[in-house]
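One structure is given here, and the rest of the page talks about it.
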Amino acid sequence: MRLLGAFQIATVVVSVIMLVSCSGADSMLPRSGGRAYEVVVTSASRECAVLMDSILSQDTPALPQSEPMFDVSRVDSVHFGQTARLARAIVMVTADSTRFTATRIRYEKNVWAKPQMVVYVNTPDVSVLRRDIPKIARSVISLLVRAELNMEIVRLAHSYNKEAAATVKSMFGADMRIPADMKASKRGHNFVWFSNNTAGGMRNICVYSYTGGNLMPERALTVRDSVMKINIPGERQGMYMQTAEGSVKWSMTQGGKSRYVMVGRGLWEMHGDAMGGPFVSHLMTDTSGGRVLVAEAFVYAPETRKRNLIRQLEAALFTLKLDNENKK
């Protein structure tokens with residue numbers, strides 16, 4: 001169990017954390033239910049539950065259409081029974097001025113089921129929670145997103161495309177877990193593209209590199225458009241993938257014990273065609289190789305919700321590790 005202050009702004013720092021413990025008690029827990037990015041919010045106070053729902057239901061960034069960050073189900077504490085306790089993600093909000101003097105967050109894993117993340121939000125009363133919601137929102141969201149990404153990373157460790165992993169290893173000197181259903185591939189110069197190659201819900205991962213020792217957003221976008229234009233053409237001549245202008249937001253996160261990753265989220269479009277969708281890029285420096293290594297996921301799923309598709313692919317990006325990092 002960890003405690004987080006109400007005013008702590010957490011970043012989404014993803015590490016491969018085994019959510020399934022090997023302890024005897026934990027091994028007796030039933031398997032959690034529900035779909036990825038579903039959250040049960042429970043509280044004795046309807047107002048508190050509504051406030052928490054409001055932050056979890058905000059639009060997911062960098063998608064072409066409005067989709068909530070989480071699919072929220074509200075259950076009052078009286079009806080929070082055995083079925084609700086099996087949910088994979090639970091936020092429990094308690095307002096009690098006799099027990100709490102400030103809004104605080106804590107979390108536990110695998111309380112009633114596994115894998116499971118339970119976030120406790122404790123506050124003196126509704127008015128204090130309403131005041132603190134903007135300050136705790138990022139922390140709560142980060143915990144839940146991190147838990148989902150780690151669940152997917154654990155799943156990938158047991159089921160991935162070994163041939164694709166071998167390709168990444170031979171071309172880039174790096175380990176990466178590519179989803180097992182992504183069997184189609186295409187190679188280029190310092191570039192490889194994997195896809196499940198389906199008409200609806202097409203999921204894709206590209207890995208490529210370019211010379212350099214710094215992570216600079218402007219250059220990253222220039223290289224991206226150049227690489228995609230060469231390697232991902234459209235159906236007819238003159239069509240090619242490009243970045244939708246002004247769509248990319250950048251951030252930094254930790255991708256290993258001593259390595260930081262620059263993350264870009266935005267929209268791609270096919271020049272000369274109506275195709276498009278979301279993408280996420282992870283960029284890291286390989287100092288010994290004098291290069292920047294890029295792993296990118298993008299989705300083409302017209303008339304389909306894209307949040308879970310792109311987030312599940314991003315979990316695969318977090319598995320990318322350079323050989324020299326593995327030896328440390």
Verify the neighbour count for atom CZ of Arg46: are there more than 12 heavy atoms of other residues, nucleotides or ligands below 6.0 Å? no
Counting C-beta onward and ignoring hydrogens, is there a side-chain heavy-atom pair between [X] and [Y] closer than 4.5 Å?
| X | Y | result |
| --- | --- | --- |
| Leu156 | Phe318 | no |
| Thr60 | Ile310 | no |
| Phe279 | Asn204 | no |
| Asp96 | Asn122 | no |
| Ser73 | Glu38 | no |
| Phe100 | Thr123 | no |

Parallel, tilted or perpendicular, judged at 30° and 60°: which one describes the rings of Tyr37 and Phe70? tilted
Any donor-acceptor pair under 3.5 Å from [X] side chain to [Y] backbone:
| X | Y | value |
| --- | --- | --- |
| Lys306 | Ala301 | yes |
| Asn196 | Asp181 | no |
| Ser43 | Thr94 | no |
| Thr319 | Arg177 | yes |

Check the pair Phe298 / Trp268 against ring-ring contact (aromatic ring centres under 6.0 Å, His included), numbers first and verdict last. CA-CA 8 Å; Phe298 69 92; Trp268 65 272; 5.6 Å; yes
For Met117 versus Ala147, what's the shortest heavy-atom pair and its separation? CB-CB, 3.7 Å
Apply side-chain contact (heavy atoms from CB on, under 4.5 Å) to Arg187 and list each qualifying residue two or more places apart in sequence or on a separate chain. Thr167, Met171, Val192
Using a 3.5 Å cut-off and no angle test, enumerate the donor-acceptor pairs between side-chain atoms of residues 224-233 and protein atoms at least two apart in sequence or in another chain.
from	atom 1	to	atom 2	distance (Å)
Arg224	NE	Glu296	OE1	3.0
Arg224	NE	Glu296	OE2	3.1
Arg224	NH1	Thr243	OG1	2.8
Arg224	NH2	Glu296	OE2	2.7
Asp225	OD1	Thr243	N	2.8
Asp225	OD1	Thr243	OG1	2.8
Asn231	ND2	Val227	O	2.9

Can you see whether Ser195 engages Asn197 through a side-chain donor-acceptor pair at a distance of less than 3.5 angstrom? no
